[in-house]
Amino acid sequence: MIAKVIVDVAANQTDRVFDYIVPDEFRETIAPGARVTVSFGPRKVQGFVTGLDEQSNYSSKKLKELENLIDLKPPLTKELLFLAEWIKNDTLSFHISVLKSMLPAAMRAKYDKKLTLVSKEMLSKLPETIKPFFEDGKTLDSWEEWRKKAAEDEKKDMMKAVRQELVEVTPLVKTNETKKKQLVVRSALSKEELKAVLDDFPSKAAKQKALLSYFYDNVQEDVRVVISELMEQAGVSRQTVQELVNKEYLLKEEQVVSRDPFEGRTFASSSPLPLMDEQEEALTPVIDSIVEERHTTFLLRGVTGSGKTEVYMQAIDQVIRKGKEAIVLVPEISLTPQMVTRFKERFGSRVAVLHSALSKGEKYDEWLKIREGKVDVAVGARSAIFAPFENLGIIIIDEEHETSYKQEETPRYHARQVAIKRGEIYNCPVILGSATPSLESYARAKKGVYHLLTMENRVNHVQMPEVTLVDMREELREGNRSMFSRELLEGIEARFKKKEQTVLFLNRRGYSTFIMCRDCGYVAQCPHCDISLTYHRYNQSLQCHYCGHSETIPSICPECQSDSIRFFGTGTQKVEEELLKLFPDLSVIRMDVDTTRKKGAHERLLKQFGEGKADVLLGTQMIAKGLDFPDITLVGVLAADSMLHLPDFRSAERTFQLLTQVSGRAGRHTKKGEVMVQTYTPDHYSIIDVKAHDYLSFFEKEMSVRRQGGYPPYYFLALIHVSDERLDQVISVSEKIASFLNRSLSKQTMVYGPVASAIPRIKDRYRYQCMVKYKVEPKLTEALQEIIKTYQGEMARTGLSITIDTNPYTML
DNA sequence: AGCACGCCGACT
DNA sequence: GTCGGCGTGCTC
């Protein structure tokens, strides 16, 4: 029997199946999708079995046997294997990269080496430095671990000993999918025996006696007690427990526990809520599609607060009743406890949550629940689209316009496309939900490719908040040079007095965005990136948000020695400070990357705000979604046009989506909400249409801009990005690529560039790009593959990097 | 990707 | 004469 194996070596020449003989012992259990370890050339690697066959086309005498079968039950289903193939072709990725990204991190291979002395006689030949590691038959079990703490000369001597064949190297392939274990004890004696022992137990060992009588009184025979709990309850020390274990009255064991990230939290149960007419109308065709087992992609456009989640949940209900499973994707940042709680309340323990805040081990456990069929619903961010269900009944993508569904590393897949593919395979519906659908999706819905569902009204007829546009040019003209308009300040003060809450949004962290010398115009730049440094006040530093470079602020200008260094631009830190200057009694919670870096900080800050412990929540992007608190009646957007002028064709769309999203935070309950949008371009359609809550108007205008510019959804794009430390190399390679594309592609296809990227240098690497715009281009894949083939050698040898994105979401 | 094989320069 | 540079090719 032959196994077709994709090995874990991401390179062009190894991106194909290799045949291995399946040893008899694995014949019964091996199956496509299983991980194996194989010897590949001189080393040992992990691989995935993609198929089994009786014969091999390869000259069979040279075939090797596969070394080990890792999985009795393959972690990848047949369908996921098929899907991987599709993604690999679509994104031009290596097969192995796609397969690996479908598994939780804990199941991906870890490579290490074990070092053993070839024979006892060799010990005397070893240099003194490394002798101790092999004395008395010892071995070095982990090269990686050892290398971290070993001295330089020790490492050198060790490598020399390997070369001289005194020490043998065994490659190891590991994973860290370990189950969490805890130590437990149980009584070794029956109740009668225990009674007998207790009766003549030496009274001077009072603690031990107490512990035994605790067992006698409280613990049934054969029941295991966790040692740490036992210590607490019986009031004894670890020493006492160990003493009784040594005397063999108690037996110590390891017990596997399933990590439950929601341990100790109870969830009230909820039942389906009565639906409003619009919700009912949206749900009906979805239910039909579930019942008829027909694949349809639905685009559900529902304004914020229109009850999309309830529609999702009732559709899932139907799916579960049919004995099928559901995947719900949400953007990472809105995978908040609030959101998770709603699903837990409705579907109880039948939900697995795949969350970036979980540890590797916890994620693995959640994944395993899916694979073992212990749950019917998986809720998670992008990668949850690979949840290994085998009988999918629905896939839901909430906030479908979110850019986080596009993976920005290889494989550069878009979860929406993968979802639709899986929907086709399982003949099940896919719901794309959003208040502000992506232009691509809405255009497809209008063309009838997707089935459009619309919900224009908020549940319980809560009104949409009133949006006021504040022209900051006007403020400036009237002498207000601060970042707050008078209107916004009045608004904040009024809420403060009424004990209502305000949310302030500014998409820039740090204190000020750049520092400049007023005399000579010098601007502090990152030495490694072509970007200005941001001033962070708390540690008096200038930081680069791209490479993390940090330096102290100059007190005099390094160029002209003047002391006229000034701070420009406003970040969240400065807003916080200014706000407190104006209202000293106001309490403000600031949420940005800097305050939420620590695990659990995000949740903690939101909880505090939800409990009314602050008057103002000030934050970046991350507060735009998912927060739903009854006392928020004012939302202020400090700089609405901050992302409007970015050199990216989606910037207007993003601005509209973000502003709409932020506005949706106000007045979601009984109190009416108000939104104030400060802007320097109050006439721009993306801002006017936010005020009018008019998605359709925005859609039409933006579509015509896209048509004129030749951008999606009218054209497809492909972006080729070249980077290297050597500028001349970057330019020459990207020019060759552009001219090659011009030669190979059809006349109607347009090749732009090469041009320097919007940030021409990051981390000392120069960045150029070429863009391809096309409607139909059958030769594109071939041409792009040709580029990879041409430069793969150079990319492997030098620092040259070429990335190709066949569906770019950002030009930056 | 790693690693061996292989063919040309400056050194014990 | 050899050690070592990195170009080329292979891995079932």
Side-chain angles (χ1 to χ4, degrees), chain A residues 1-27 30-70 81 85 88 92-101 108-115 143-144 147 155-165 167-175 409-411 723-726 729 733 785 787-804:
Chain A
M1 193 193 239
I2 302 299
K4 307 271 174 195
V5 177
I6 298 286
V7 292
D8 185 9
V9 180
N12 234 283
Q13 294 156 314
T14 54
D15 191 26
R16 57 189 178 85
V17 291
F18 287 86
D19 291 356
Y20 284 86
I21 296 166
V22 179
D24 283 343
E25 51 171 328
F26 302 137
R27 285 182 74 118
I30 197 165
R35 291 170 303 161
V36 290
T37 54
V38 295
S39 128
F40 187 65
R43 59 215 153 119
K44 191 169 156 185
V45 294
Q46 192 178 92
F48 289 84
V49 177
T50 55
L52 294 166
D53 211 333
E54 287 310 318
Q55 295 295 312
S56 169
N57 301 328
Y58 193 70
S59 52
S60 58
K61 59 180 177 208
K62 274 164 86 187
L63 282 188
K64 288 182 183 173
E65 286 198 336
L66 56 86
E67 209 123 289
N68 197 17
L69 174 64
I70 301 174
L81 286 176
E85 199 126 343
K88 159 201 113 166
L92 304 173
S93 311
F94 298 130
H95 205 157
I96 189 67
S97 316
V98 182
L99 294 170
K100 277 165 82 177
S101 68
R108 293 177 206 156
K110 281 252 161 42
Y111 297 98
D112 205 340
K113 296 182 184 84
K114 182 183 173 166
L115 305 182
W143 162 257
E144 292 295 331
R147 176 170 91 141
K155 278 189 267 185
K156 261 189 197 157
D157 288 344
M158 188 67 81
M159 292 197 280
K160 200 167 155 199
V162 171
R163 252 181 282 128
Q164 294 171 336
E165 297 184 340
V167 170
E168 190 186 22
V169 179
T170 319
L172 298 175
V173 184
K174 296 184 197 164
T175 51
E409 297 111 53
T410 44
S723 75
D724 195 291
E725 290 188 12
R726 301 158 297 176
Q729 180 72 352
V733 168
Q785 261 156 2
I787 293 171
I788 297 175
K789 224 170 97 189
T790 312
Y791 290 100
Q792 52 152 331
E794 195 162 353
M795 284 164 66
R797 275 196 309 281
T798 72
L800 178 73
S801 148
I802 300 173
T803 59
I804 296 179

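Naming convention: chains lettered A, B, ... in sequence-line order (proteins, then strands); numbering from 1 in each chain.
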Treating primed atoms plus P, OP1 and OP2 as sugar-phosphate and everything else as base, which nucleotides of nucleotides 1-8 of chain B get B, S or - for protein heavy atoms under 4.0 Å? BSS-----
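With sequence neighbours excluded, the residues forming a salt bridge (Lys or Arg N to Asp or Glu O under 4.0 Å) with A:Lys44 are A:Glu67, listed by chain and number. In this view, A:Lys789 satisfies the salt bridge (Lys or Arg N to Asp or Glu O under 4.0 Å) rule with no residue, not counting sequence neighbours. Partners of A:Asp53 by salt bridge (Lys or Arg N to Asp or Glu O under 4.0 Å), not counting sequence neighbours: none found. A search for side chain to side chain contact (heavy atoms under 4.5 Å, CB included) contacts involving A:Glu85 returns A:Asn89, A:His95, not counting sequence neighbours. The ring pair (Phe, Tyr, Trp, His ring centres under 6.0 Å) check on A:Phe18 picks up A:Phe40, with sequence neighbours excluded. Under the rule for a side chain to side chain contact (heavy atoms under 4.5 Å, CB included), the partners of A:Ala3 that lie at least two apart in sequence or sit in another chain are A:Val5, A:Val22, A:Ile30, A:Val49, A:Leu52, A:Leu66.
For DNA chain C, the span of nucleotides reached by chain A at under 4.0 Å from its heavy atoms goes, 5' to 3', from C:dC10 to C:dC12.
For residues 3-23 of chain A, every residue pair satisfying the salt bridge (charged side-chain N to carboxylate O under 4.0 Å, His left out) rule, not counting sequence neighbours, is listed here: A:Lys4-A:Asp19, A:Asp8-A:Lys100.
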